[in-house]
Amino acid sequence: MKHLCIKIITGEEIVGMTESDPQTDEYINLEDPVKVSQGYDPEGNFGLRFSHFMPFSEERLFTFKRKDIILYCKPTKGLIKYYDEYFKNSHEEDPFEDEEWMHSIPMTSFSKH
């Protein structure tokens with residue numbers, strides 16, 4: 001499986017694992033997809049936040065029609081690292097069972113190199 005980043009017609013940017021070929025397959029399957037959002041934390045640092053795609057679903061595999069995908073690309077090494085870390089630290093059980101139902105990694109600060 002490989003990481004894939006897609007932007008769908010709703011404007012959401014999603015990262016997940018796939019064996020699909022977005023150039024030829026009519027349907028793209030993404031396993032463990034997360035929505036990627038950008039913003040500022042309370043201290044004013046710019047960063048990323050991941051949240052489960054369709055968090056109220058028990059599914060781990062989602063199928064997208066290629067016609068509903070505006071763009072796709074291989075994610076950067078940094079994004080892959082954050083994605084892998086997110087799942088390494090995520091709950092195995094239903095994230096809505098405890099009080100921390102809004103499970104997402106903290107904003108990740110970027111620095112210019």
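Scope of the values below: all heavy atoms of this structure, side chains included, with no hydrogens, waters or symmetry mates. Sequence positions, counted from 1, serve as the residue numbers for this chain.
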> Of the non-hydrogen atoms in Phe50 and Tyr86, which two are nearest, and what is the gap between them?
Replying inline: CD1-CB, 3.8 Å
> Taking side chain as C-beta onward, heavy atoms only, is Ile8 less than 4.5 Å from Ile14?
Replying inline: yes
>> Whether Arg66 and Glu26 form a salt bridge (side-chain N of Lys/Arg under 4.0 Å from carboxylate O of Asp/Glu) is what I want to check.
In response: no
>> Between Arg60 and Pro33 (side chain of the first, backbone of the second, donor and acceptor by atom type, cut-off under 3.5 Å), is there such a pair?
In response: no
>> Asp84: which residues meet the side-chain hydrogen bond (donor to acceptor under 3.5 Å, both in side chains) condition with it, sequence neighbours left out?
In response: His3
> Is the backbone of Asp21 close enough, under 3.5 Å, to the side chain of Asp25 for a donor and an acceptor to pair up by distance?
Replying inline: yes
> Around Lys77, counting heavy atoms of other residues, nucleotides and ligands shown, do more than 12 lie under 6.0 Å from its NZ?
Replying inline: no
> Below 4.5 Å, heavy atoms only, C-beta onward: do Leu61 and Asp32 meet side chain to side chain?
Replying inline: no
>> Do Tyr40 and Asn45 have side chains that approach each other closer than 4.5 Å (heavy atoms only, starting at C-beta)?
In response: no
> Does any non-hydrogen side-chain atom of Ile28 lie less than 4.5 Å from one of Leu4?
Replying inline: yes
> Is there a donor-acceptor contact under 3.5 Å linking the side chains of Glu59 and Ser57?
Replying inline: no
>> Let me confirm one number: the NZ-NZ distance from Lys74 to Lys2, rounded to the nearest 0.5 Å.
In response: 10.0 Å
> Does a donor on one side chain sit under 3.5 Å from an acceptor on the other, for Thr18 and Asn29?
Replying inline: no
